[in-house]
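Below you'll find the structure, written out as structure tokens, and then a few comments.
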Amino acid sequence: MFDYKLLSALAAVVEQAGFERGAQVLGLSQSAISQRIKLLEARIGQPVLVRVTPPAPTDIGRRLLNHVQQVRLLERDLQSQVPALDEEGMPERLRIALNADSLATWWAEAVSDFCAEQHLLLDLVVEDQTVGLKRMRAGEVAACICASERPVAGARSLLLGAMRYRALASPAFIARHFPQGVRAEQLARTPALVFGPDDFLQHRYLASLGVGGGFEHHLCPSSEGFIRLAEAGLGWGLVPELQVRDQLEKGVLVELLPDKPIDVPLYWHHWRSGGQLLGLLTDHLAHACGQWLVSYEQ
């Protein structure tokens with residue numbers, strides 16, 4: 001059986017980004033919480049934390065944190081009937097993986113009221129929408145947003161809609177590289193912007209235009225930085241329509257091939273045994289996301 005006082009110590013240290021603050025949350029001394037972590041490591045036979053600043057969980061530490069989170073969610077469902085379960089009086093915390101473009105556009109507005117009403121804190125992990133599901137498969141998060149429909153074992157998936165991306169560049173970039181007008185086959189020979197090595201959206205887009213093979217590109221792992229690079233004329237890129245409405249209206253960015261967007265489906269994956277709170281968040285997202293995401297045919 002797990003000793004949940006030891007697991008709570010691990011969660012407090014990670015969530016509060018340090019032993020001192022974690023100890024304060026639990027009403028312990030710093031030496032006491034350190035002893036609990038050492039005892040946990042002795043019982044499982046391996047480290048649960050990397051002693052850096054802030055402390056970071058090891059692989060087994062992340063799995064234990066995930067287990068703690070599931071237990072908390074299930075206990076929350078019983079608090080109305082057994083108030084003594086809420087010994088710490090702390091807000092609930094959900095660890096969720098989502099793509100940077102969602103975080104930069106619709107996510108905050110979609111969950112703001114829900115988090116306030118439910119006294120919920122979020123621990124967000126940013127992953128590209130094509131690979132976010134690996135966090136659930138590894139047991140690191142309670143839920144994720146990704147482009148894959150098929151859930152991992154023990155989880156459910158729900159289609160929220162799709163983010164619409166448009167191929168954009170600055171007027172100066174277009175004038176320099178496409179003086180005779182934009183043609184699809186030219187795109188592979190002009191500098192592009194790619195979010196990171198796991199981002200294959202540009203590949204999909206070029207393939208949809210009949211253009212194969214590699215292409216020149218910058219790597220920029222920041223949604224906001226991606227826009228700044230495009231505005232500065234460093235390359236063309238696929239940008240969420242939600243993120244650049246002002247730039248399109250003002251002509252700061254221009255669509256390369258009008259009427260040729262690409263839609264990326266977004267699925268919400270969550271544990272089946274995630275308790276009432278995760279179910280309420282799922283229902284909330286199902287009803288709210290239509291304000292920002294376009295409909296998508298599976």
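Under the 4.5 Å side-chain heavy-atom criterion for ILVMFWY residues, no single connected hydrophobic cluster contains both I174 and V252. Linking Ile, Leu, Val, Met, Phe, Trp and Tyr residues whenever their side-chain heavy atoms come within less than 4.5 Å leaves L159 and V294 in two separate clusters. Following chains of ILVMFWY side-chain contacts shorter than 4.5 Å, one cannot reach V50 starting from L40, and the two form parts of different hydrophobic clusters. By the rule that hydrophobic residues join a cluster once side-chain heavy atoms approach within less than 4.5 Å of another member, I145 and V152 end up as members of one cluster. A single hydrophobic cluster is seen to contain both L242 and V111, as judged by linkage of ILVMFWY side chains at heavy-atom distances under 4.5 Å, directly or through other members.
A donor-acceptor pair under 3.5 Å links the side-chain atoms of H269 to the main chain of S148, judged by distance alone. Side-chain atoms of H218 never come within 3.5 Å of backbone atoms of G235 as a donor-acceptor pair (strictly under, hydrogens ignored). In this structure a side-chain-to-backbone donor-acceptor pair under 3.5 Å is missing from H287 to L285. For H119 (side chain) and C115 (main-chain N/O), no donor-acceptor pair under 3.5 Å exists by modelled atom type. When atom types are taken as modelled, the side chain of S34 and the backbone of Q30 share no donor-acceptor pair closer than 3.5 angstrom. Side-chain atoms of R21 come within 3.5 Å of backbone atoms of A17 as a donor-acceptor pair (strictly under, hydrogens ignored). Between the E41 side chain and the V48 main chain, a donor and an acceptor come within less than 3.5 Å of each other.
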With salt bridge (Lys or Arg N to Asp or Glu O under 4.0 Å) as the criterion, how do R156 and E149 come out once you've worked through the C-alpha distance, each side chain's angles and the decisive distance to 0.1 Å? CA-CA 9 Å; R156 292 189 177 97; E149 177 184 5; over 6 Å; no

Run the side-chain contact (heavy atoms from CB on, under 4.5 Å) test on L10 and V68 for me, step by step, so that the C-alpha distance in whole Å, both residues' side-chain angles and the decisive distance to 0.1 Å come before the verdict. CA-CA 9 Å; L10 172 63; V68 171; over 6 Å; no

Residues L65, R95; criterion side-chain contact (heavy atoms from CB on, under 4.5 Å); working and verdict: CA-CA 9 Å; L65 288 170; R95 185 171 172 84; 6.0 Å; no

Between N99 and E127, is a side-chain contact (heavy atoms from CB on, under 4.5 Å) present by the stated rule, with each step listed? CA-CA 5 Å; N99 59 313; E127 286 282 12; over 6 Å; no

Would you sort out whether E231 and R228 count as a salt bridge (Lys or Arg N to Asp or Glu O under 4.0 Å), showing the intermediate values? CA-CA 5 Å; E231 291 175 342; R228 301 290 83 80; 3.0 Å; yes

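At a threshold of 4.5 Å between non-hydrogen side-chain atoms, the residues H177 and P191 count as touching. Here the side chains of I96 and V125 are not in contact, with every heavy-atom distance at 4.5 Å or above. Between L133 and Y267 there is no side-chain heavy-atom pair separated by less than 4.5 Å. Put simply, the side chain of I37 reaches to within 4.5 Å of the side chain of R51, judged on heavy atoms. Considering only heavy atoms from C-beta on, V264 comes within 4.5 Å of L201 through its side chain. Using a 4.5 Å cut-off on side-chain heavy atoms (C-beta onward), L238 and L168 make no contact. At least one side-chain heavy atom of M136 sits under 4.5 Å from a side-chain heavy atom of W271. Here the side chains of Q46 and T58 are not in contact, with every heavy-atom distance at 4.5 Å or above.
Using a cut-off of 4.0 Å between Lys/Arg side-chain N and Asp/Glu carboxylate O, D3 and R36 are scored as not salt-bridged. The residues R164 and E241 are annotated as not salt-bridged, no charged nitrogen and carboxylate oxygen being separated by less than 4.0 angstrom.
Closest approach of G251 to P171, counting heavy atoms only: O-CG, 3.3 Å. Contact record, P57 with R62: O-NH1, 3.2 Å, taken as the closest heavy-atom pair. Shortest non-hydrogen contact noted between V244 and P240 is CG2-O, 3.5 Å. Of all non-hydrogen atoms in A142 and L278, the two that sit nearest each other are O-CD2, 3.8 Å. The minimum heavy-atom distance between A23 and I33, with the atom names listed, is N-CD1, 3.6 Å. Residues C220 and G225 come closest through the heavy atom pair SG-C, 3.6 Å.
Here the CZ atom belonging to R183 is positioned 13.5 Å from the CG atom belonging to L256, to the nearest 0.5 angstrom.
Under the side chain to side chain donor-acceptor pair (under 3.5 Å) rule, D101 has a single partner from W106, W107, Y165, which is Y165. Of the candidates D199, L193, D198, D199 is the only one forming a side-chain contact (heavy atoms from CB on, under 4.5 Å) with F195.
Ring pair W236/Y205 is tilted by interplanar angle, where 30° to 60° counts as tilted.
Judged purely by distance below 3.5 Å, without hydrogens or angles, the side chains of T282 and W268 pair a donor atom with an acceptor atom.
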